[in-house]
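Each chain gets a letter, A, B and so on, in the order its sequence line appears, and its residues count up from 1.
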Amino acid sequence: MRMMLFIRRFEERVISLYPQQEMKTPIHLCIGQEAVAAGVCAHLTPHDYLSSTHRSHGHCLAKGMDPQLLLAEFYGKVTGCCRGKGGSMHAACPERGILGTSAIVGGGIPIGVGHALAAKLRMEKRLSVVFFGDGASEEGSFQESLNFAVLKELPVVFVCENNFYATNSPLKARQPHQDIHRRAASFGSPAEVVDGNNVWDVYRAAERAVRHARAGRGPYFLECRTYRWQGHVGPNCDWQKGCRPKGELLEWMDRCPVEAFRSTLMREGILDEPTMDSINREVSAILDSAVLFAQESTFPDAEEVMRNVYYMSGA
Amino acid sequence: MPWTKVLVDQEDLERFHQEGKRTIKYVEALREAQAQLLESDSRVFLLGEGIDDPGGVFGSTKGLAQEFGSSRVMDIPIAENGMTGVAVGAATAGMRPIFIHMRMDFLPMCMDQLINHAAKWHYMTGGSVRVPLVVRSIIGRGWGSAGQHSQGLHGLFLHVPGLRIALPATPYDAKGMLIAAVEDENPVLVCEHRWLYNTIGFVPEGLYSVPLGQALIRNPGTDVTVVALSYMVLEALKAARDLEQEGVSVEVVDPRTIAPLDADTILESLSKTGRLVVADVASRTGGACAEIGCLVAERIPLALKAPLKRVAFPDAPTPASPVLEQAYYPGAEAIKQAVRETLA
Ligand SMILES: Cc1ncc(C[n+]2csc(CCOP(=O)(O)OP(=O)(O)O)c2C)c(N)n1
């Protein structure tokens, strides 16, 4: 619960700060999709690997990345997770198993499989989790990666966040059937489809997936059906521009993953108002200090442009 | 001539209008070219990811899907290499596909089909099959786009025989070169620049083509030749204007295509000025700048009175932070500096 709320509040903070034009980087928000990141990453240790896409905020936070590093990167500061070089689309945090995220659709999938290969070759009990969208499942790299992962029985959990859109193109316009998990199954990987707005469902499915992969039985594929509330990129909603039907958005908003879980927990007496308030306060405080950190950090100096082009020992 | 005019100012606009010459934006010129091609040639069709979006590839395909239908203006899956192959196949089978990419950074996904297939097919079939494919792509810049959303990769493709590469810098050229690309029997990469999209210029209403392989002198001068590509043409003209105040006469040459490269215009200018600055919208090493420099060394090695200067992006991926972007992108100031150095 805390993590979902944290991601939601983080994204809301970005939305409210973005118009100040201090974050000069495109942002791809994941509001509406929080349950997938939270439900899957709950099973991971910092040691496990994570690979992601242009829409990675939720994944990275759920994997334990420090929000200050992410925010400072959005602000282009030298204290950001990529020293101001990556902006919003290339978050990295090796200490948490995040070895960089790709903004090339499908680009992170084989790389995530490579993480798993490394783990397997070194005989480490380490998982690799690969997040990507429905759009990415159209890339050759998706089919090529799945094939290899199954062939070599690699410890990788593929998590396809099917939000039914790639930028503004609906899934229907891009794929003949809507069941991405069926394609994965055809490679011989166990594959299931999950309600990606139900964090409990995601959590349990991810548990099966993680157990399978950790046991050395090869990859496991989850198709999590969910929906993003904001536009593809930027802080605003996009239905006004005719990118998608408003009714569809409202239907999905009715199924808000955060609210649904909150009310379930309340109903079952696991959560009460005071606890909720204190979670809210705690999250707020962390974000306040992250924003302050990001805003007050310094910009990199111009020499930073040529730094890290090649690895130089001592640099 | 109005179509050689790049920086159209208010005075020009008024004169053009008095002369009955229409001015539109670069992006509108692209859209118009495609609309007219779709209308006039049933072999032409457009394909690309999200080209039927309300945004319409920054406006360049806006409304075309509604106007011409989804079989002529086709949204496609996110599968660049495969879809390039499909387009190559359609082209070899007699169609005239225009494949549109929001960013040039997605062209590496198509490398195999572009380099190993499109570029070589005509040759490998002993000239019996042609690949009249057009690929449009846009070089991005700014707002923290970072390493995978802002590359100028034309230099990479320059190394591949069999491809034609156009970099239109004006609305007139944007329309005319796109039409020429479609008329061409070879695969043509049209490399646009996002910062040119809102520039305004004279654009005739009808279909016309700008021949591929003809450079243009954008500003005549006698002291230094600046060969500038794409958006750098604008920066070079700014630099030339400022330098004129300092008493330096700069000739700005816009090659317009780098394959084929109009060597004669460049060399002719150089034999007049003896000083060369090359300005590109890509990183410095091994690209179009290098090729133009090599051309000079090969053909008129003694013509240079001073070492040539390259103005290009540093040999580093694009950084995201605004302060780093500022340090990264050279412009008119860098060109002026380079020109002064050739005169020193
Ligand atoms: C290779 C490549 N092609 C195209 C793009 C442009 N692009 C960026 S995001 C995106 C849609 C991705 O959709 P999906 O994989 O479903 O992820 P989502 O944005 O829905 O999270 C596209 C086409 C890109 N970044 N990389």
Side-chain angles (χ1 to χ4, degrees), chain A residues 21-27 54 73-78 80 82-90 102-107 133-143 166-171 173-175 232 238 240-244 298-310, chain B residues 48-57 62-63 65-66 70 74-85 102-103 105-113 140 142-151 283-285 313-330:
Chain A
Q21 306 231 337
E22 282 174 13
M23 289 181 235
K24 295 192 166 71
T25 187
I27 42 160
H54 55 287
E73 187 61 33
F74 297 176
Y75 277 85
K77 301 298 176 71
V78 72
C82 305
R83 302 182 61 84
K85 310 266 240 317
S88 77
M89 297 189 287
H90 306 292
S102 174
I104 295 297
V105 172
D134 46 294
S137 75
E138 286 142 30
E139 292 283 10
S141 61
F142 169 83
Q143 342 292 333
T167 54
N168 302 316
S169 298
L171 186 59
R174 299 177 285 112
Q175 298 185 22
H232 165 68
D238 61 359
Q240 299 96 328
K241 291 188 230 145
C243 295
R244 52 193 170 147
T298 50
F299 282 111
D301 52 41
E303 274 101 78
E304 192 66 45
V305 169
M306 293 310 293
R307 206 173 289 149
N308 310 129
V309 176
Y310 299 99
Chain B
E49 292 156 15
I51 63 171
D52 58 351
D53 274 4
V57 192
K62 210 179 171 92
Q66 285 92 316
S70 62
M74 214 181 277
D75 185 16
I76 57 168
I78 309 176
E80 291 82 2
N81 195 44
M83 290 310 304
T84 304
M102 292 273 279
R103 308 259 175 188
D105 309 70
F106 309 150
L107 287 192
M109 310 289 288
C110 320
M111 280 279 195
D112 170 58
Q113 281 297 331
W143 204 258
S145 306
Q148 295 177 332
H149 277 65
S150 53
Q151 299 171 85
S283 58
R284 184 183 150 91
T285 299
F313 307 167
D315 286 324
T318 315
S321 178
V323 293
L324 297 180
E325 279 184 340
Q326 210 172 350
Y328 184 81
Y329 286 113

Exercise for the section: Could you tell me which portion of Asp301(A) (side chain, backbone, both or neither) has an atom closer than 4.5 angstrom to a non-hydrogen atom of chain B? Expected result: backbone

Handout entry: Flag if over 12 foreign heavy atoms under 6.0 Å of CD, Glu22(A)
Key = yes

Practice task
Decide, yes or no, whether a salt bridge links Arg174(A) with Asp75(B) under the criterion of side-chain N to carboxylate O below 4.0 Å.
Solution key: no

Exercise for the section: Kindly say whether the aromatic ring centers of His54(A) and His232(A) come within a distance under 6.0 Å. Expected result: yes

Handout entry: Residue part contacting chain B, namely of Ser102(A), when any heavy atom lies under 4.5 Å
Key = both

Completion exercise
Okay, Glu325(B) and chain A: the region with an atom under 4.5 Å from a heavy atom over there is neither

Handout entry: Partner chain A: residue of Pro108(B), Ala79(B), Ala327(B) with the largest heavy-atom pair count (under 4.5 Å)
Key = Ala79(B)

Completion exercise
Residues Asp105(B) and Ile104(A): closest non-hydrogen pair is O-CD1, 4.0 Å

Problem - Ile76(B), part contacting chain A, at a heavy-atom distance under 4.5 Å - result: backbone

Exercise for the section: Could you pull out the closest heavy-atom pair between Ser150(B) and Tyr329(B), with the gap in Å? Expected result: CB-OH, 3.7 Å

Problem - Exam field: side chain Glu73(A) to backbone Cys82(A), donor-acceptor pair closer than 3.5 Å - result: yes

Problem - Ser141(A) side chain to Gly107(A) backbone, donor-acceptor under 3.5 Å - result: no

Handout entry: Heavy-atom pair count under 4.5 Å with chain B, highest-scoring of Ala302(A), Ala173(A), Pro300(A)
Key = Pro300(A)

Problem - Under 4.5 Å from any heavy atom of chain A - which part of Ser70(B) - result: neither

Fill in the blank from the handout: Honestly, the part of Met109(B) sitting under 4.5 Å from a heavy atom of chain A is side chain

Exercise for the section: Between chain B and each of Ala166(A), Gly106(A), Gly86(A), Ala136(A), count heavy-atom pairs under 4.5 Å; write down the option with the most. Expected result: Gly86(A)

Exercise for the section: State which residue, out of Phe74(A), Tyr75(A), Phe299(A), fulfils the side-chain contact (heavy atoms from CB on, under 4.5 Å) condition with Ser321(B). Expected result: Phe299(A)

Practice task
Tell me, out of Pro319(B), Gly55(B), Gly50(B), who's got the most heavy-atom pairs with chain A below 4.5 Å.
Solution key: Pro319(B)

Completion exercise
Given Lys85(A), Lys241(A), Glu139(A), Met306(A), the one with more heavy-atom pairs under 4.5 angstrom with chain B than any other is Glu139(A)

